[in-house]
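Take a look at the structure set out below.
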Amino acid sequence: MSRFHGRLTFFDEARQGSPVMPAKNNMGAANPSRHCYIESYGCQMNFNDSEIVASILSNHGFGITPNLQQADLILINTCAIREKAEQNIRKRLTEFRSLKKQRPDLLVGILGCMAERLKAKLLEEEKLVDLVVGPDAYRSLPALIAEAETGQKAVNVLLSREETYADISPVRLNSNGVTAFVSIMRGCNNMCTFCVVPFTRGRERSRDPQSIVRECQELFDQGYREVTLLGQNVDSYYWIDTHTNQATTFAQLLEKVAQISPYLRVRFSTSHPKDITDEVLFTMARYPNICKYIHLPVQSGSTRILQLMNRTYTREGYLKKVQRIREILPDCGLSTDIIAGFCTETEEDHQLTLSLMDICQYDMAYMFMYSERPGTLAARRYHDDVPPEVKKRRLNEIIEKERQWAWENMRQEIGKIRTVLIEGPSKRSDEDLCGRTDQNKMVVFPKKNFRKGQYVQVRITGCTAATLLGEVLEPAAEMV
Ligand code: SAH
Ligand code: SF4
Ligand code: F3S
């Protein structure tokens, strides 16, 4: 999987599903007798879960391999968010079928959200699958693999109220050695009517802040210079220390992580518009190393649709939050998620989404056609009544609007001087390096003697639709 440059929360189906490659110094167990190949789909949290799985397996004698032919065990960490995501995974499974025919002792396991959604049904539907393991059951993987090796099918899809894998140090897969993701909570307690996540990930629970700070400190000591704190709804992070009775809110956690070093950049995702607080915004303002970038999914610009979605905010409430962000953090990057064609959406509702986009002027958005998910409140209560061609046309109009603002925001950067954390060589040329600005925009610039992990001041000289072009001002700045 190539790193998801500039995109923090969400892997769209089109970009999903490449094998994970362990960092060179971290290939799992020493002299492993068996090898595991892991392929990941879905959101960044799912990718982070694959790193936890890799850690568990490497402690049980497995090496992690990017090479399918070398694998004794194939694990697919799946996503269930839209029907298309599941279709892609099923297609991939048929490709594994021929491999399994050649090598009957090869084990194939399905992990993650699709495993949780379909449970043992998957074994009936996909005959080649040997293991089905839900997101809270990864500690039982070694035992389940042992069971599957005896020829039995093995399933564990129990959800937990406590599991956060707090004590497990993820094996960093596909790492650039500079940026890393750290999960701070699991599950979700919001019941957005369109969403399958509460069913696949279970109840929301926060992870012990000490273990989060420790993991971030270790990453910094290993040379990482950016951490992204992950959760479905980071603003509802909340931890009570049972000994001291002291609470830690998300703003306080953010502060603790930011205090590790001014050279460690801190990002986070995703924020829920109903929960993001002024305290978080002021904390961001106080620490130059907390990146000024917020992913604030709106889903729709129509209050009526937002109510049907059970998002618990109105159009006006959302716009007030955005205004507050602009007041407290005038130079903050802003992105969002939008769903086109939710149940009963009229042309007027759709126009409200477009007009909200003009007000918010997003730097970037992930945009989707509504896809009904079995078992969700929307599937049970409402009709998926917007015809596919109408959904498609509305989505295209939303995409067109997003491009206009993204392009305009890129153009506005030209002439500015930005601090960039170098992530490595640019995709197109070895003569260029790339890294992101505080506001999460990717910049490409001539390599000279600079190297990854350094902070540099870059003058922005031009742009394409997705990338800024620039030149480093010398001498390079050492500070964030
Ligand atoms: N926790 C995040 C979102 C996680 S899912 C939040 O609350 O914003 C990522 C995005 O997928 C959602 O923001 C939504 O835009 C999209 N999505 C979720 N379920 C969907 C569905 N059934 N159909 C289409 N898009 C969906
Ligand atoms: Fe799904 Fe809503 Fe939870 Fe996000 S906040 S994961 S959209 S239920
Ligand atoms: Fe993530 Fe997809 Fe599950 S978005 S939480 S992997 S359904």
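When a ligand or atom number is given, it counts from 1 through the structure's own listing order. From a predicted model like this one, the values you see are computed outputs, not experimental measurements.
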Any idea which protein heavy atom is nearest [atom], and the distance to it?
atom: atom 8 (S) of ligand 2; answer: Asn190 O, 3.0 Å
atom: atom 1 (Fe) of ligand 2; answer: Cys195 SG, 2.3 Å
atom: atom 3 (Fe) of ligand 2; answer: Cys188 SG, 2.3 Å
atom: atom 2 (Fe) of ligand 2; answer: Cys192 SG, 2.3 Å

**Prompt:** Heavy atom of Met45 under 4.0 Å from ligand 3?
**Reply:** no
**Prompt:** Is Gly112 in contact with ligand 3, taking contact as a heavy-atom separation below 4.0 Å?
**Reply:**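 No.
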**Message:** Under 3.5 Å between any N/O of Phe194 and any N/O of ligand 1: does that happen in this structure?
**Reply:**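 Phe194 vs ligand 1: N/O contact under 3.5 Å present.
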**Message:** Any nitrogen or oxygen of Asp337, side chain or backbone, less than 3.5 Å from one on ligand 1?
**Reply:**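 Yes, at least one N or O pair falls under 3.5 Å.
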Run the salt-bridge test on [X] and [Y] with the 4.0 Å N-O cut-off and return the result as yes or no.
X: Glu204; Y: Arg186; result: no
X: Glu86; Y: Arg373; result: yes
X: Arg205; Y: Glu163; result: no
X: Arg201; Y: Asp49; result: yes
X: Arg393; Y: Glu347; result: yes
X: Lys391; Y: Asp384; result: yes

**Asked** Below 4.5 Å, heavy atoms only, C-beta onward: do Ile339 and Ser300 meet side chain to side chain?
**Response** no
**Item:** For Val108, the option from Leu73, Leu131, Leu75, Leu93 that meets side chain to side chain contact (heavy atoms under 4.5 Å, CB included)
**Value:**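 Option passing the side chain to side chain contact (heavy atoms under 4.5 Å, CB included) with Val108: Leu93.
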**Request:** From the options Thr353, Ile338, Asp337, select the one residue that forms a side chain to side chain contact (heavy atoms under 4.5 Å, CB included) with Gln299.
**Result:**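 Looking at Thr353, Ile338, Asp337, the match for Gln299 under the side chain to side chain contact (heavy atoms under 4.5 Å, CB included) is Asp337.
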**Ile339 touching ligand 1 at heavy-atom level, < 4.0 angstrom** =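 Yes, that is the case, since the closest heavy atom of the residue is under 4.0 Å from the ligand.
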**Request:** May I ask whether Arg311 places a heavy atom under 4.0 Å from ligand 2?
**Result:** yes
**Prompt:** Heavy atom under 4.0 Å from ligand 1: found in Ile81's side chain, backbone, both, or neither?
**Reply:**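 For Ile81, the contact with ligand 1 is made by both the backbone and the side chain.
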**Request:** Would you kindly specify which portion of Ser371 sits under 4.0 Å from ligand 1, judged on non-hydrogen atoms: side chain, backbone, both or neither?
**Result:**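 Near ligand 1, Ser371 shows its backbone as well as its side chain.
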**Request:** For ligand 3, indicate whether the residue Gln232 contacts it via side chain, backbone, both or neither (heavy-atom separation under 4.0 Å).
**Result:** side chain
**Message:** With salt bridge (charged side-chain N to carboxylate O under 4.0 Å, His left out) as the criterion, how do Asp167 and Arg207 come out once you've worked through the C-alpha distance, each side chain's angles and the decisive distance to 0.1 Å?
**Reply:** CA-CA 10 Å; Asp167 55 317; Arg207 175 179 168 191; over 6 Å; no
**Prompt:** Just which atoms of ligand 1 are under 4.0 Å from any heavy atom in Arg373?
**Reply:**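 Answer for ligand 1: 22 (N).
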Contacting atoms of ligand 3, where contact means under 4.0 angstrom from a heavy atom of [X]:
X: Cys79; result: 2 (Fe), 4 (S), 6 (S), 7 (S)
X: Cys113; result: 3 (Fe), 5 (S), 6 (S), 7 (S)
X: Asn46; result: 6 (S)

**Message:** Under 6.0 Å between ring centres: does that hold for Phe47 and Tyr41?
**Reply:** no
**Asked** Is it true that Phe268 and His295 have ring centroids separated by less than 6.0 Å?
**Response** no
**Message:** Counting backbone and side-chain atoms alike, is an N, O or S atom of Cys43 positioned under 2.8 Å from atom 2 (Fe) of ligand 3?
**Reply:** no
**Request:** Check the angle between the aromatic planes of Phe96 and Tyr37 and answer parallel, tilted or perpendicular using the 30° and 60° thresholds.
**Result:**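 Aromatic pair Phe96/Tyr37 classed perpendicular.
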**Request:** Using heavy-atom distances, let me know which of Met369, Met45, Gln232, Lys84 sits nearest atom 2 (C) of ligand 1.
**Result:**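 Answer by nearest heavy atom: Gln232.
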**Fill in**
Closest heavy-atom approach to atom 7 (O) of ligand 1 among Arg311, Glu83, Gln299 is made by Arg311
**Asked** How does Pro297 reach ligand 2, if at all, at less than 4.0 Å between non-hydrogen atoms: by side chain, backbone, both, or neither?
**Response** neither
**Request:** Mark up the atoms of ligand 2 that fall under 4.0 Å of a heavy atom belonging to Pro198, in ascending order.
**Result:** 8 (S)
**Ligand-residue contact atoms, ligand 2 with Phe194, heavy atoms, under 4.0 Å** = 7 (S)
**Request:** Would you please test Gln412 and Asn409 for side-chain hydrogen bond (donor to acceptor under 3.5 Å, both in side chains) and show each step?
**Result:** CA-CA 5 Å; Gln412 294 284 333; Asn409 288 332; over 6 Å; no
